[in-house]
Amino acid sequence: MNKELPKAYEPQNYEDAIYKRWEESGFFNPDVCVEKGGTDANAKPFTIVLPPPNVTGTLHIGHAMMLAIEDLMIRYHRMKGDKTLWLPGTDHAAIATQTKVEKLLIEKGIKDPKKELGREKFLDEVNKFAQASHDTIVNQCKKMGSSLDWSREAFTLDEPRNLAVRTVFKKMYDDGLIYRGYRIVNWCPRCHSTLADDEVEYKEQKTKFYYFKYGPVIIGTARPETKFLDKVIVVHPDDERYKKLQGTKFEMDWIGGKIIAKVIADQASDPKFGTGAMTITPAHSFEDYELAKKYNLDVVQIIDEDGNFTDAAGDFVGKNAQASREEIVKILADKGLLERVDENYIHNLSVCYRCGTAVEPLPSKQWFIDVNKEFSIVNSKLKNIKAGQKVTLKKLMSEAVASGQIEIIPERFNKTYFSWIDNLRDWCISRQIWYGHQIPVWYHGTCQEVSEKVGPGVSENPIVSIDEPAVCPYCGNQTDGGDLHQDPDTLDTWFSSGLWTFSTLGWPEKTVDLQTFHPTSVLETGYDILFFWVARMVLMTTYTLGDIPFEKVYMHGLVRDEQGRKMSKSLGNVIDPLDSIAKYGADATRLSLLLGNTPGNDTRLSEEKIAGFRNFTNKLWNMARFIIANSKIKNQNSKLQLKIQNLTLADKWILSRLDATVKDVSENIENFQFSAAGEKLRDFTWSELADWYLEIAKIEGDKEEILQYILQTLLKLWHPFMPFVTEQIWSEMFGIDRMLMVESWPHLVIPTVVEESLNDFNTIQLIITTIRSARADNKIEPNKKIDAIISAGAKEKLLTENSAIITGLARLEKLTIETKAVKPENAVALVCGDMEIYLDLSGAVDIEKETARLTKEVEAAEKFVTVMKNKLANAEFVNNAPPAVVEKETQKLAETEQKLSKLKEQLSNLK
RNA sequence: GGGCAGUUAGCUCAGUUGGUAGAGCGUUGCGUUUACAUCGCAAAUGUCACAGGUUCAAGUCCUGUACUGCCCACCA
C-alpha cells in the first residue's frame, strides 16, 4: 500500500481484472449482498430489467448509453443500501435474427436456406448464430462495467419464458381477447410474414402517378397493377362534379376487357385529392377493405404472398406485380385510356422496418389481440380499476399511465403514448417465420372442417393449450397417431418481450423474486421503442398481473455523430463502444454518454468528447496519486473523525462545498438528472478541489485526514459514473478485499457547514485571481515573485489569516495587509470589491495598457450604475418588487458606486 | 394534415419556481512551482431565431411567425 502509482492511468491495465473481482465477489446478486451483510434483509428493493438486446449481432453505442445510465442508477442504489437487482437478458428478435441468418447462409452459398435445410436444421443454424451473438453481447456488457446479476440471466426464447408466453396466450384466448381472423394485414414479401402496424415504416419516394380514363371519370393512381379488378368508383357525396353519377352502373373497357362498374358516394373520397374520384382495391388497402365491408363488396386477392399475381389476374398470373406495372400501363395506353403521367409525384412508400422491402397489404387469416373488447379483470392493483370490473386492454394501458401509477420521464412522452393508444388497432401477433415462440394452438386432423391454411386434412377448430393436448375437445378422441398439427406460425417477438418484467422473475411460478422485485422500479430505454415495447409491457402486465410493470419509465435519446446524423456503417461515422473502451477506457466512454445531454433528447458524440473524459479520468487518478503519496495513514477508515476546531478557512470551504456536492449529486440522480449530477461533480472535482484546495493543501500542509476524507467521499460519488478507475484507486488504498462498489453512499456528516466560509473564501479567491490577471496583463513571468500591498478595510483580519495562501497562489514575494494602505509610486492599483491591491511591478507597468484596462472597467461600472439607478428610481419597481430584491439591488448599486470611484481615481492617477 | 421537440459564445450544449447570461471543446497569450502537458494560469466572444403581449422586471410566462429535427396519420 501507498506504493508509488504510475503517472498516467492506463485503463487497459486494470479494467478486466476489476470486473472479474466484482463478478467473483457475487455482489451483483442482491441475495449475496444480503448474505454478506452489505444490504439489510428488509431493505427496499430497487429493480431494473435490462432491455434485452437483440441477438442479431453486436451492441452499438446506443446500447452502451443504456448500460451506462442503468449501471449508474444500479450502483447508486446498491451503495445506498437498497436491495438492488439489475437483471440481464437477450431478445431473440424473431424476424430480425431469422433474416440475418438467412442472409448469412445465402452468402455461404445456400440458395434457399429454408427450403434446403428444413425447419429443424434451419433453426439449428439460427440458434447457433444467436448463441454466438449472445456471447458477444454478454462480453460487451462486461466491458462496459455493467453490474448485472448474471445468475438471473434470461432469454426471451428460453424454456421458462416460453412457458410464460404459452400461459398468457391461453389466458387471453380464454378471455376472448385473442382471435383468429381474416383481415388485411401488412405483408412483407421478403420476410414472408405479417408485420404489426408499427413495424411498418414510411419512406418518401418520387414516383410516377398515372391518370386513367375509367368509364365516365378520370382516376389517379401510383400503383396501376393493383387496379386489375377494381370496379367501384367512390366519390364524395357533396362533390358537384359527380353528383349525377352517384348510384349509376355502366359498362366500360379496362385492363382485362369489358367490366361493369358502379359509382358510390362516401365521405372517404377527398374531392381535393387527384380528380376527386377513386376506385377501390379491397384486398390490398386497409381503407378500401373498410369500405368494402361497409358496402358489402367482393374482396378478391390479386397479389399473393410472394408479391406475384394470383390467378385472378388472368394472363398475368405468377408474374411479379410491381415489375409488371409498365406492361399494364402500356395495355391501358394502347386502349387509349392513359390520360397523363405526373413524373414527380411524392409518394409515401410503406416498407418493412427490418428489411426495407415494400410492404404489401393483403388479406390473410391471422391471430390478433383484440384491444377494444371488454372483459372482466380478475386481480387489480391498479388505481381506479377494481377487480371484477369490465375493462378493455386499451383502458388498462391508458389508465396505468393516466393514474400516475407509471410516470414517464420526460413527461412529454405521455402525450405520444396516449395518442398511440387512441389510434391502436387490433394487434396482429402471428408471424410466418420459424424462429420464435410457436403458437400454442393445435388442430386435430380427424375433425371434419378442413383448413386451407394449415393444410388438407387438418381441422379448422383450434385447440388452444399450454401443452400439447392429449384429447381433442371437439371430437373427444385421443390425439395420438400423428393427426395433431401445431399451428406452424410463431408469435410476434414483442409478445414475449412484453412479458419481460415478470417472465424474467419466474412467472407463472409464484417466486420470491416476483414478490420481491416486481413491479420493477425503473424501465430505462430509448424513446424509439416506446410503442414497440414499453406500451406492450404495460398491456401484458396490467392484463396478466393486474399490476404495473414498472413505476418509472426513463427515456434516453439517440446517440448521433458530431454532425447530428444517425450513425451508420454506410456513412462510416460509427463509434464502436469496444473501440472506444480499448482506446480511452470504459470510464471515459461512460462519461461521454452520461454527461452533456438532457433526458429524452438526442445527443451528439465525437471522439474528441470521449478523449476529453479520458483526460478527466487521468486527472482524478493523479489527484488520488497526490493524496495517497502525501498520506501517512495506513488502512484508513472512511469514517474519519475530523478535528473540527482546527479547520482553516479553506478546509471549511472545501468541506461545505463537498457537502453541497453530495446533496446535489444525490438529488440529481434521484431525479434522473444524470448529466447535471455528473457536471456538478466534475466541476467540484476539477475546478474547486484540484485547482484550489489541493494547491492550498500544499501550502497549509498537515491535511492527511481531511484529504483522505475528501478523496474517499469523492470516489464514492464518482463510482456509479466511472466504476473502474474509482475501484482501482480504492484498492490502492485498502487492498483488493474491500470493494468500493459496496461501500455506503456518502451522506452529509460535516456539522460545520459554515455559510460565511463560502463568502470569505470567495474573497480570497477574488484577490488571487485579480492579482494573477494583472500579472498576465502586464506580462510578469509566472515564476517571478512580486510585492503586493492590500488596503483591506474590514477584511484585514480575514486576509491576514490567509496571507500564506494569497502569497503562494498569487506568487508574491512580500505581502503587506493594512486596514488603509497608501499606494506606492509606480505601483499598479487594482480594485477588488471594497479593497484595493497595489502591485509593485518594478516599473514594468505598461501605462497605455493599464489605461485601456481601467477605462474599460470604468465604462462597464458606469453602465451598470446607470441601469441600477434607473431601476431604483422607478417607483413601480420599489413598490412592487419583493423588499429582499430591492435591498439586494440597492446594495449592489452602492458597491459598484464605491468601486467606480476607486477606478476613476486610479485612472486619473495614471495620467 | 395532427402532434412533439429545438433555435443561447466559433462548435456541442446547460440554464428547475421571472431579478444585468454559464460549462466543455476550440481560439489567443504566458508557462514545467513537491499529483497531472491526458497539465496549469490568464484572456476574448452573446440584439438568448423573429414579432407582439403579460410584468416594476422576460433567455425564462402567453400568442403568433420563420427555420430545423422527430413522431403519428394519410395520399386512392
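Side chains included, hydrogens not; waters and symmetry mates left out as well; all remaining heavy atoms used. By convention in this document, chain letters (A, B, ...) are assigned in the order of the sequence lines, proteins followed by strands, and residues within each chain are numbered from 1.
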Whole-Å [atom1] distance, [N] and [M]:
N: B:U60; M: B:G15; atom1: C1'; result: 9 Å
N: B:G53; M: B:G69; atom1: C1'; result: 28 Å
N: B:G26; M: B:U38; atom1: P; result: 12 Å
N: B:C25; M: B:U16; atom1: P; result: 23 Å
N: B:A14; M: B:U7; atom1: C1'; result: 15 Å
N: B:C13; M: B:G46; atom1: C1'; result: 15 Å
N: B:A66; M: B:A57; atom1: C1'; result: 28 Å
N: B:G22; M: B:U32; atom1: P; result: 33 Å

Any side-chain N or O of [X] under 4.0 Å from OP1/OP2 of [N]?
X: A:Asn615; N: B:C39; value: yes
X: A:Ser419; N: B:G2; value: no
X: A:Arg604; N: B:C13; value: yes
X: A:Lys415; N: B:G3; value: no
X: A:Trp686; N: B:G40; value: yes
X: A:Arg412; N: B:A5; value: no

If you check every side-chain atom of [X], which of [options] has the closest atom?
X: A:Val885; options: B:G19, B:A35, B:G29; value: B:G19
X: A:Asn622; options: B:A35, B:U45, B:C56; value: B:A35
X: A:Thr416; options: B:A44, B:C71, B:U38; value: B:C71
X: A:Asn601; options: B:C56, B:A14, B:A35; value: B:A14
X: A:Ala690; options: B:A35, B:A42, B:A73; value: B:A35
X: A:Asn874; options: B:C71, B:G19, B:C56; value: B:C56

- Pick the nucleotide of RNA chain B nearest each of A:Asp777 and A:Glu562; which residue has the one closer to the 5' end?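 Per heavy-atom nearest nucleotide, the more 5' residue is A:Glu562.
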- Query: Nearest nucleotide by nearest heavy atom, which residue falls closer to the 5' end of RNA chain B, A:Asn668 or A:Glu876?
  - Reply: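 Its nucleotide being nearer the 5' end, the pick is A:Asn668.
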Hey, does [X] reach any base, or is it just sugar-phosphate, or nothing, if we go heavy atoms under 4.0 Å?
X: A:Ala875; result: nothing
X: A:Ser269; result: base
X: A:Arg811; result: base
X: A:Tyr210; result: nothing
X: A:Tyr9; result: nothing
X: A:Glu695; result: base
X: A:Lys892; result: sugar-phosphate
X: A:Thr598; result: sugar-phosphate
X: A:Gly220; result: sugar-phosphate
X: A:Thr279; result: sugar-phosphate
X: A:Asn597; result: nothing
X: A:Lys566; result: nothing
X: A:Lys7; result: sugar-phosphate

Calculate the interatomic distance between [X] atom [atom1] and [N] atom [atom2]; express it in whole Å.
X: A:Arg772; N: B:C30; atom1: CZ; atom2: C1'; answer: 13 Å
X: A:Arg560; N: B:A5; atom1: CZ; atom2: C1'; answer: 12 Å
X: A:Asn348; N: B:C72; atom1: CG; atom2: P; answer: 11 Å
X: A:Asp683; N: B:C13; atom1: CG; atom2: P; answer: 19 Å
X: A:Glu679; N: B:C13; atom1: CD; atom2: P; answer: 13 Å
X: A:Ile421; N: B:G3; atom1: CD1; atom2: C1'; answer: 16 Å
X: A:Glu781; N: B:G31; atom1: CD; atom2: C1'; answer: 10 Å
X: A:Asp602; N: B:G69; atom1: CG; atom2: P; answer: 13 Å

Check: [X]/[Y] side-chain N/O donor and acceptor closer than 3.5 Å:
X: A:Thr769; Y: A:Gln765; answer: no
X: A:Asn622; Y: A:Lys7; answer: no
X: A:Glu732; Y: A:Gln728; answer: yes
X: A:Asn601; Y: A:Thr598; answer: yes

base_contact_polar ([N] base, [X] side chain, donor-acceptor, <3.5 Å):
X: A:Asn879; N: B:C56; value: no
X: A:Lys871; N: B:A57; value: no
X: A:Glu889; N: B:A57; value: no
X: A:Lys619; N: B:C36; value: yes

- Qualifying residue for ring-ring contact (aromatic ring centres under 6.0 Å, His included) with A:Trp621, from A:Phe626, A:Tyr14, A:Phe616: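 Filter result, single survivor: A:Tyr14.
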[X] NZ/CZ over [Y] ring centroid, <6.0 Å and within 45° of normal:
X: A:Arg772; Y: A:Trp692; result: yes
X: A:Arg536; Y: A:Trp427; result: yes
X: A:Arg614; Y: A:Tyr584; result: no
X: A:Arg590; Y: A:Phe724; result: no

Taking pairing as Watson-Crick or G-U wobble with both contacts under 3.5 Å, can you name the mate of [N], or confirm there isn't one?
N: B:G59; result: none
N: B:C39; result: B:G31
N: B:U68; result: B:A5
N: B:A73; result: none
N: B:U54; result: none
N: B:G18; result: none

- Message: Angle between ring planes, A:Tyr345 versus A:His347, binned at 30° and 60°: parallel, tilted or perpendicular?
- Response: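 Ring orientation, 0 to 90° scale: tilted.
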